[in-house]
Every structure is written in structure tokens, then in C-alpha cells.
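We use all heavy atoms of the structure for the numbers below, so side chains are in, but hydrogens, waters and symmetry mates are not. Note on naming: letters A, B, ... go to the chains in the order of the sequence lines (proteins, then strands), and numbering restarts at 1 for each one.
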Protein chains: 2
Amino acid sequence: MAFKTDSAKKYLKEHDIKPSTIRIKVLQYLKDNKHHPTVDDIYKELIEDIPTLSKTSIYNTLELFLGKNIVNLVSIDDKESRYDIDTSAHGHFKCKSCNKIYDFNINTSNLGEEDIKGFIINKRKIYYEGICKDCLKSS
Amino acid sequence: MAFKTDSAKKYLKEHDIKPSTIRIKVLQYLKDNKHHPTVDDIYKELIEDIPTLSKTSIYNTLELFLGKNIVNLVSIDDKESRYDIDTSAHGHFKCKSCNKIYDFNINTSNLGEEDIKGFIINKRKIYYEGICKDCLKSS
DNA sequence: AATATAAATTGTAACCATTACAAAATTGGA
DNA sequence: TCCAATTTTGTAATGGTTACAATTTATATT
Ligand SMILES: [Mn+2]
Ligand SMILES: [Mn+2]
Ligand SMILES: [Zn+2]
Ligand SMILES: [Zn+2]
């Protein structure tokens with residue numbers, strides 16, 4: 001637990017979120033596990049600490065976080081949603097072999113957005129898929 | 001029906017797909033309706049022609065088309081999958097107001113993919129969301 | 001402290017797109 | 001025509017997500 005409870009409380013308050021027990025724990029989990037976890041990943045970990053935890057609470061919390069823009073939804077997986085506490089602009093690469101999701105930096109400024117000039121762009125989602133270096137090496 | 005039956009047959013054969021009745025109809029629909037339809041969109045239209053049509057057949061056909069790389073999956077909508085017969089490299093913009101999905105050209109060559117150098121990239125999916133020009137005008 | 005009110009959390013059922021799978025229908029060749 | 005392979009259908013199951021009312025917890029008031 002690298003991300004301390006006090007930091008979590010402060011962070012939530014700064015983003016206009018009342019720091020409840022579950023919100024603090026979810027935020028800590030996201031800050032400590034930046035590997036784009038699913039709802040189930042988070043639930044399975046937190047149920048250890050909070051035996052009464054409901055999966056609905058994880059959904060509620062993430063929905064709240066999304067609304068406050070402190071997490072981003074990563075829909076690179078067709079089955080279940082993933083969540084990313086890193087809201088800086090970056091792309092995601094999913095390896096079809098090991099299923100790992102890699103972050104990579106992007107430079108959208110010269111991507112070329114002439115066709116949608118005059119549109120308001122709120123979110124840019126960049127999803128790549130293929131085979132990662134590690135998997136290529138071991139084959 | 002701009003895309004003729006004979007052209008559809010030829011196209012399917014060229015891509016190693018046996019041209020069955022349903023496959024031909026689905027391909028024609030996709031060629032004539034490039035607005036990224038859902039399974040239900042396709043089903044609702046084709047059921048008019050083929051009263052015995054099963055929705056499973058649409059799923060089967062699209063799964064086959066995906067495997068043969070003649071359609072792309074567009075996952076910009078969180079609820080249901082969309083399909084695109086245009087497999088050329090382009091991005092998708094979804095307007096949160098009118099829900100229309102726009103195509104736009106991209107230039108991934110200067111997007112910056114240094115972080116995943118050495119990876120095999122099979123697919124690039126670029127999803128934007130925001131408000132389109134038309135919706136901005138009428139508000 | 002006790003009470004009242006609001007907010008957070010839980011539990012359960014429903015939703016619904018997608019998948020699994022076996023039965024039925026169709027196709028094409030011998 | 002007969003047979004086997006392929007295609008298509010119908011139905012049930014799956015599973016992530018959502019709706020929502022009940023319960024619990026936090027906060028404010030007296
Ligand atoms: Mn990320
Ligand atoms: Mn498109
Ligand atoms: Zn890999
Ligand atoms: Zn619009």
C-alpha cells in the first residue's frame with residue numbers, strides 16, 4: 001500500500017469527492033495497481049479487507065470517479081471494462097498472446113484531425129493490438 | 001441495393017468465403033450502409049427479405065467476416081458492437097449529442113510509437129468523442 | 001446522548017448483448 | 001436420388017452491468 005490513506009483523502013477532497021471508506025480503498029488500489037484493472041480485480045482484492053463489500057459499490061465508486069474525471073474507461077477488452085487512474089493522454093496496446101496491456105505515449109498534435117475540424121473533442125482513445133516484444137522473443 | 005448480388009458473390013469468393021444467401025445479403029447491407037451498423041440494425045433490415053432469419057446467423061456471419069478481415073469491429077459504443085466494411089485506416093468520432101459516428105482520416109506515421117518499438121501492431125483503433133459541428137451549430 | 005436527516009453501502013433481481021449448442025434445413029457432389 | 005458436409009435456426013445459458021429498494025453509516029440538530 002504505497003499510496004497512503006491521508007493522500008487518498010486529500011486527493012478525493014481536491015476532486016470534490018467525499019472520502020468514504022470504500023472510495024479511499026478503491027483510489028488506493030487504482031494508484032497502486034496501474035495495470036488497468038477490471039471491476040472484478042478490484043473487488044477480489046478489497047473483499048479481503050472489507051468482508052461486507054458489495055460489487056455494486058465498486059461499480060458505484062468507479063461511476064463516480066468517471067464523472068469526476070479522475071479515472072478513464074479503457075474499453076480495449078471486449079468482455080469487461082477496465083479502469084485507468086492515469087488520465088494523461090496516452091495510448092493502450094493489448095498483446096493478443098499474453099493479454100498484457102501496455103501504455104504508450106502519443107502525439108496527437110500531428111495525427112491529423114482536419115476531417116473533424118470545428119468539432120469539440122472531449123476524449124481521445126487509442127487502442128492498438130498485436131504481439132508484444134516479450135512474446136515475440138519467447139517464440 | 002447499390003451493391004449488386006454478383007459483385008457480392010465475387011467479393012466473397014475473392015476473400016475465401018463461400019457465398020451463401022445470408023452472407024451475400026449481409027455483405028450487401030454493409031456495402032450499402034457504411035454508418036457502422038449494429039447486429040440489430042442488420043437483422044431488422046434483412047428480416048424483411050428473409051422471414052426465417054435468425055439473429056445468430058448475423059452473429060455467425062460477422063464473426064466469419066471478422067476472421068477473414070473484410071470487416072472491422074468498432075467498439076466506440078459501450079453497449080453494442082458495431083461493424084465497418086471500410087477496413088482502411090481511419091478513426092471514429094462519436095458525437096455524444098446526436099450519437100452519430102463520423103469517420104476521419106488519420107496519419108499514424110507521426111503519432112509516435114517509440115514506446116512500443118519492436119511490437120507487432122495488427123490493429124489500430126482510434127476513437128474520439130465529443131460534440132459534432134452540426135450539434136454545436138444548432139445550440 | 002438521542003433523534004432526525006442525508007448519504008453511502010448492500011443484496012437481489014433484472015437487463016440484454018453475446019455465445020453455446022444441438023436440431024433442422026440447405027447445398028453440392030457422387 | 002442419396003448422402004455427407006455446410007449452413008441456418010431456435011433456444012437456453014452466460015456474464016458483465018444496471019436498477020432499485022432495503023439496510024447501514026455518517027452528519028447535523030436539539
Ligand atoms: Mn493506461
Ligand atoms: Mn468507419
Ligand atoms: Zn505479450
Ligand atoms: Zn452531433
- Just call it for A:Lys55: base, sugar-phosphate, or nothing, with non-hydrogen atoms closer than 4.0 Å on any strand. nothing
Taken to the nearest whole Å, NZ/A:Lys79 to P/C:dT18 is 9 Å
Give one of base, sugar-phosphate or nothing for A:Ser81, where a contact means two heavy atoms less than 4.0 Å apart. sugar-phosphate
The single option from A:Val74, A:Leu73, A:Asn72, A:Ile76 that satisfies side-chain contact (heavy atoms from CB on, under 4.5 Å) with A:Lys125 is A:Leu73
A:Ile17 CD1 to C:dA7 C1', in whole Å, measures 15 Å
request  = Give the intermediate values and the outcome of side-chain contact (heavy atoms from CB on, under 4.5 Å) for residues A:Tyr127 and A:Lys94.
outcome  = CA-CA 8 Å; A:Tyr127 302 138; A:Lys94 179 176 154 203; over 6 Å; no
Counted 5' to 3', the first and last nucleotides of DNA chain D within 4.0 Å (strictly under) of a heavy-atom of chain A are D:dG16 to D:dC20
Atom CG of A:Asp78 and atom P of C:dT18 are separated, to the nearest Å, by 10 Å
Atom CG of B:Asp40 and atom P of C:dC16 are separated, to the nearest Å, by 12 Å
What one should report as the nearest heavy-atom pair of A:Phe93 and A:Glu129 is CE1-C, 4.0 Å
- Is B:Lys34 salt-bridged to B:Asp103, going by a charged N under 4.0 Å from an acidic O? no
Rounded to whole Å, the CD1-P distance (A:Ile58 to C:dG11) equals 12 Å
- Are A:Lys117 and A:Glu113 ion-paired here, with the side-chain N under 4.0 Å from a carboxylate O? no
To the nearest angstrom, the CD1-C1' distance between A:Ile47 and C:dT9 comes to 12 Å
A:Glu80 atom CD is separated from C:dA17 atom P, nearest whole Å, by 19 Å
### Donor-acceptor pair between A:Ser88 and A:Asp86 side chains, under 3.5 angstrom
yes
Hey, is the side chain of A:Ser20 poking within less than 4.0 Å of OP1 or OP2 on C:dT9, counting only N and O atoms? yes
Under a 4.0 Å heavy-atom criterion, the protein footprint on nucleotides 21-30 of chain C, written with B, S and -, is B---------
From CD of B:Glu63 across to C1' of C:dT18 the rounded distance in Å is 10 Å
Derivation of the side-chain contact (heavy atoms from CB on, under 4.5 Å) call for B:Asp84 and B:Val71
CA-CA 5 Å; B:Asp84 197 347; B:Val71 292; over 6 Å; no
Shortest non-hydrogen pair, A:Pro37 vs A:Asn33, comes out as CD-O, 3.7 Å
So, for B:Tyr128 and B:Tyr102, is the gap between ring centers shorter than 6.0 Å?
no
